[in-house]
Q: 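Please see the structure below; I have some questions.
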Amino acid sequence: AKACHDNSRRSDGEFVTLNCASLPDEAAETELFGYGHGSVEQSEGKSGLFEQASGGTILFDEVSEMSAQLQAKLLRVLEYGTYHQLGDSRVKYIDCRIICTSCKDLSQCVQEGTFREDLY
């Protein structure tokens, strides 16, 4: 994934990684999408990984470990190319390459019902 990034037109952008196996569901949305100013008590706002990877690449490592809820949110971003930060009604557009890895057979995960077929 890093070699794909480094040898592409996106190499000037950030290479951001997310280990899906280590991401608790409670933190997933904030980690990916960030949150707007004031949406969390005494916050200045926080950019998410999609914003950090803008113009670059984001790697979802062990995507097979992603929760069903997070799979649905990722699918929506992929379908529309947009997202909202927590507490912000403005639409943000993604501009990044997305690479996913897994040590599991994703087609088998689809058959077992642990990975969305439409995301696969």
Side-chain angles (χ1 to χ4, degrees):
K2 181 75 167 119
C4 287
H5 171 77
D6 289 343
N7 292 294
S8 74
R9 290 177 287 146
R10 293 185 175 274
S11 62
D12 289 338
E14 294 291 320
F15 179 76
V16 179
T17 63
L18 175 68
N19 183 336
C20 299
S22 68
L23 184 65
D25 279 349
E26 312 83 57
E29 191 168 355
T30 301
E31 192 69 26
L32 284 176
F33 308 119
Y35 52 84
H37 175 77
S39 62
V40 178
E41 190 174 319
Q42 298 179 343
S43 74
E44 294 296 319
K46 176 186 183 288
S47 63
L49 295 179
F50 279 115
E51 190 171 347
Q52 292 172 27
S54 184
T57 303
I58 186 167
L59 168 66
F60 289 98
D61 191 23
E62 295 301 333
V63 71
S64 60
E65 301 300 320
M66 192 178 278
S67 72
Q69 181 182 6
L70 192 54
Q71 288 179 40
K73 290 178 182 186
L74 178 59
L75 180 62
R76 184 166 177 85
V77 169
L78 294 174
E79 287 177 332
Y80 297 103
T82 63
Y83 67 96
H84 292 89
Q85 286 185 320
L86 180 65
D88 193 347
S89 61
R90 292 176 294 173
V91 173
K92 294 201 172 224
Y93 295 88
I94 65 164
D95 174 23
C96 63
R97 170 187 290 121
I98 298 172
I99 299 175
C100 300
T101 64
S102 177
C103 64
K104 293 183 179 178
D105 181 347
L106 288 180
S107 62
Q108 184 175 347
C109 292
V110 168
Q111 290 176 359
E112 294 169 354
T114 59
F115 198 81
R116 293 179 64 114
E117 183 174 14
D118 50 2
L119 184 56
Y120 175 69

Q: Salt bridge (charged side-chain N to carboxylate O under 4.0 Å, His left out): which pairs involve residues 58-70, sequence neighbours left out?
A: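 Counting only pairs at least two positions apart or across chains, the salt bridge (charged side-chain N to carboxylate O under 4.0 Å, His left out) contacts touching residues 58-70 are Glu65-Lys104.
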Q: With clusters built from Ile, Leu, Val, Met, Phe, Trp and Tyr whose side-chain heavy atoms come within less than 4.5 Å, directly or transitively, what are the remaining members of the cluster of Ile99, listed by chain and number?
A: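 Grouped by the 4.5 Å side-chain rule, Phe15, Leu59 form the rest of the cluster around Ile99.
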Q: Applying side-chain hydrogen bond (donor to acceptor under 3.5 Å, both in side chains), name anything that partners Asn19, two or more places apart in sequence or on another chain.
A: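 In terms of side-chain hydrogen bond (donor to acceptor under 3.5 Å, both in side chains), with neighbours along the sequence ignored, Asn19 is linked to no residue.
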Q: Among all residues two or more places apart in sequence or in another chain, which pass the side-chain contact (heavy atoms from CB on, under 4.5 Å) test with Asp95?
A: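 In terms of side-chain contact (heavy atoms from CB on, under 4.5 Å), with neighbours along the sequence ignored, Asp95 is linked to Arg10, Ser54.
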Q: Test of understanding: with side-chain contact (heavy atoms from CB on, under 4.5 Å), list the residues that count as partners of Cys96, not counting sequence neighbours.
A: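 In terms of side-chain contact (heavy atoms from CB on, under 4.5 Å), with neighbours along the sequence ignored, Cys96 is linked to Phe50, Ala53, Ile58, Ile98.
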Q: Check whether more than 12 heavy atoms from other residues, nucleotides or ligands sit under 6.0 Å from atom CD of Gln52, and answer yes or no.
A: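 Above 12, so yes.
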Q: side-chain hydrogen bond (donor to acceptor under 3.5 Å, both in side chains) with Thr30: which residues, sequence neighbours excluded?
A: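 For Thr30 there are no side-chain hydrogen bond (donor to acceptor under 3.5 Å, both in side chains) partners, ignoring immediate neighbours.
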Q: Could you list the residues that satisfy side-chain hydrogen bond (donor to acceptor under 3.5 Å, both in side chains) with Arg90, not counting sequence neighbours?
A: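 Testing Arg90 for side-chain hydrogen bond (donor to acceptor under 3.5 Å, both in side chains), a comparison that skips the adjacent residues, returns Asp88.
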Q: With sequence neighbours excluded, tell me which residues meet side-chain hydrogen bond (donor to acceptor under 3.5 Å, both in side chains) with Ser102.
A: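 With neighbours one apart ignored, the set is Ser64.
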Q: Show your reasoning for whether side chain to side chain contact (heavy atoms under 4.5 Å, CB included) applies to Thr57 and Val16.
A: CA-CA 6 Å; Thr57 303; Val16 179; over 6 Å; no
Q: Just jot down the salt bridge (charged side-chain N to carboxylate O under 4.0 Å, His left out) partners of Arg97, sequence neighbours excluded, or say none.
A: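 With sequence neighbours excluded, Arg97 shows a salt bridge (charged side-chain N to carboxylate O under 4.0 Å, His left out) to no residue whatsoever.
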Q: Do Tyr83 and Leu23 belong to the same hydrophobic cluster, where Ile, Leu, Val, Met, Phe, Trp and Tyr are linked whenever their side-chain heavy atoms lie under 4.5 Å apart, directly or via other members?
A: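 Same hydrophobic cluster.
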Q: Under the side-chain contact (heavy atoms from CB on, under 4.5 Å) test, which residues partner Gln108, sequence neighbours left out?
A: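 Partners of Gln108 under the side-chain contact (heavy atoms from CB on, under 4.5 Å) test: Asp105, Glu112.
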Q: Name all pairs fulfilling the salt bridge (charged side-chain N to carboxylate O under 4.0 Å, His left out) condition that reach into residues 48-59, sequence neighbours left out, sorted by first residue then second.
A: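 Applying salt bridge (charged side-chain N to carboxylate O under 4.0 Å, His left out) to every pair that reaches into residues 48-59, excluding sequence neighbours, yields Glu51-Lys92.
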Q: Is any side-chain heavy atom of Val63 closer than 4.5 Å to a side-chain heavy atom of Thr101?
A: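 A side-chain contact is absent here, since even the closest heavy-atom pair is not under 4.5 Å.
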Q: Which donor-acceptor pairs under 3.5 Å do side chains of residues 68-78 form with protein atoms, sequence neighbours excluded?
A:
from  : atom 1 : to     : atom 2 : distance (Å)
Gln71 : OE1    : Arg116 : N      : 2.8
Gln71 : NE2    : Met66  : O      : 2.9
Gln71 : NE2    : Thr114 : O      : 3.2
Lys73 : NZ     : Glu29  : OE1    : 2.7

